Amino acid sequence: MYCSQCGTFNDDNNFRCIQCGSVIQQMGGPGQFPDQMHTADVPNHLAMSIVVTLLCCLPFGVVAIVYSSKVKPALAAGDYDGAVDYSQKAKTWATVSILFGLVAFIFSLVSNLT
């Protein structure tokens, strides 16, 4: 099915356009849409991902940014479970980047002292 706002082709199961986020299909009867209460509580961790990319570890931070950028499109497509999964993966990779950066800092500090 095509979005009436932007013309993007969307899967028949989507209730929001994957490109622009506008409502493209009513679900469950007239005037009823899927539960949208949970969409606001899925953090994308993009700011944290960018900071750890710049300050801690570039390769792991980039992975965190990629997962962070997938949260909003998943929510727009109505894929709440996928958005939560991407959010958790972004947080995990950002945390790995922080830990790697701390280990590298401690290692360089110890090697400079000896």
Side-chain angles (χ1 to χ4, degrees):
M1 133 178 351
Y2 290 92
C3 175
S4 62
Q5 299 295 319
C6 68
T8 302
F9 181 76
N10 292 274
D11 185 28
D12 289 339
N13 296 329
N14 292 358
F15 69 96
R16 290 195 177 269
C17 176
I18 59 173
Q19 181 67 31
C20 68
S22 64
V23 176
I24 57 173
Q25 177 179 335
Q26 293 184 350
M27 309 277 286
Q32 296 179 2
F33 296 97
D35 183 18
Q36 298 174 2
M37 293 176 56
H38 299 293
T39 58
D41 64 353
V42 181
N44 62 7
H45 303 290
L46 184 59
M48 180 172 71
S49 299
I50 292 171
V51 169
V52 300
T53 300
L54 296 174
L55 299 178
C56 297
C57 179
L58 181 71
F60 297 144
V62 168
V63 175
I65 290 173
V66 168
Y67 280 120
S68 295
S69 66
K70 292 182 178 186
V71 173
K72 188 174 180 180
L75 285 173
D79 184 12
Y80 178 75
D81 293 332
V84 169
D85 184 50
Y86 292 139
S87 175
Q88 290 172 345
K89 287 180 180 178
K91 186 176 181 181
T92 299
W93 281 103
T95 303
V96 167
S97 181
I98 291 170
L99 294 175
F100 187 82
L102 287 174
V103 168
F105 176 73
I106 291 170
F107 180 74
S108 68
L109 188 64
V110 168
S111 67
N112 285 334
L113 292 176
T114 57

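One is the number of the first residue; the rest follow in order along the sequence. Since this is a predicted model, take the numbers as computed values, not measurements. Side-chain atoms are counted along with the backbone in the values below, which use heavy atoms only and exclude waters and symmetry mates.
A perpendicular orientation is assigned to the rings of Phe100 and Phe60, their planes being inclined by more than 60° (bins at 30° and 60°).
Taking both residues in full, the closest heavy atoms of Pro73 and Ser69 are given as CD-O, 3.3 Å, listed atom of the first, atom of the second, then distance. In terms of heavy-atom proximity, Ala94 sits nearest to Ala64 at N-CB, 3.7 Å. Among all heavy-atom pairs drawn from Ser111 and Ser108, the shortest one is OG-O, 3.0 Å. When every heavy atom of Ala90 is checked against every heavy atom of Asn44, the shortest pair comes out as CB-O, 4.0 Å.
Hydrophobic clustering (side-chain heavy atoms under 4.5 Å, transitive across Ile, Leu, Val, Met, Phe, Trp, Tyr) keeps Leu46 apart from Val42. By the rule that hydrophobic residues join a cluster once side-chain heavy atoms approach within less than 4.5 Å of another member, Val52 and Val96 end up as members of separate clusters. Residue Tyr67 is not grouped with residue Ile98 when hydrophobic side chains (ILVMFWY) are merged at heavy-atom distances under 4.5 angstrom, including chains of intermediate members.
With hydrogens and angles disregarded, no donor-acceptor distance shorter than 3.5 Å links the side chain of Asp85 to the backbone of Asp81. In this structure a side-chain-to-backbone donor-acceptor pair under 3.5 Å is missing from Ser87 to Ala83.
Annotation: the span from Tyr86 atom OH to Asp79 atom CG amounts to 7.0 Å, rounded to 0.5 Å. Atom SG of residue Cys56 and atom CG of residue Leu102 lie 6.5 Å apart, to the nearest 0.5 angstrom.
Checked against side-chain hydrogen bond (donor to acceptor under 3.5 Å, both in side chains), Ser68 has the following partners two or more places apart in sequence or in another chain: Ser49. Qualifying salt bridge (charged side-chain N to carboxylate O under 4.0 Å, His left out) partners for Lys70, counting only residues two or more places apart in sequence or in other chains: none.
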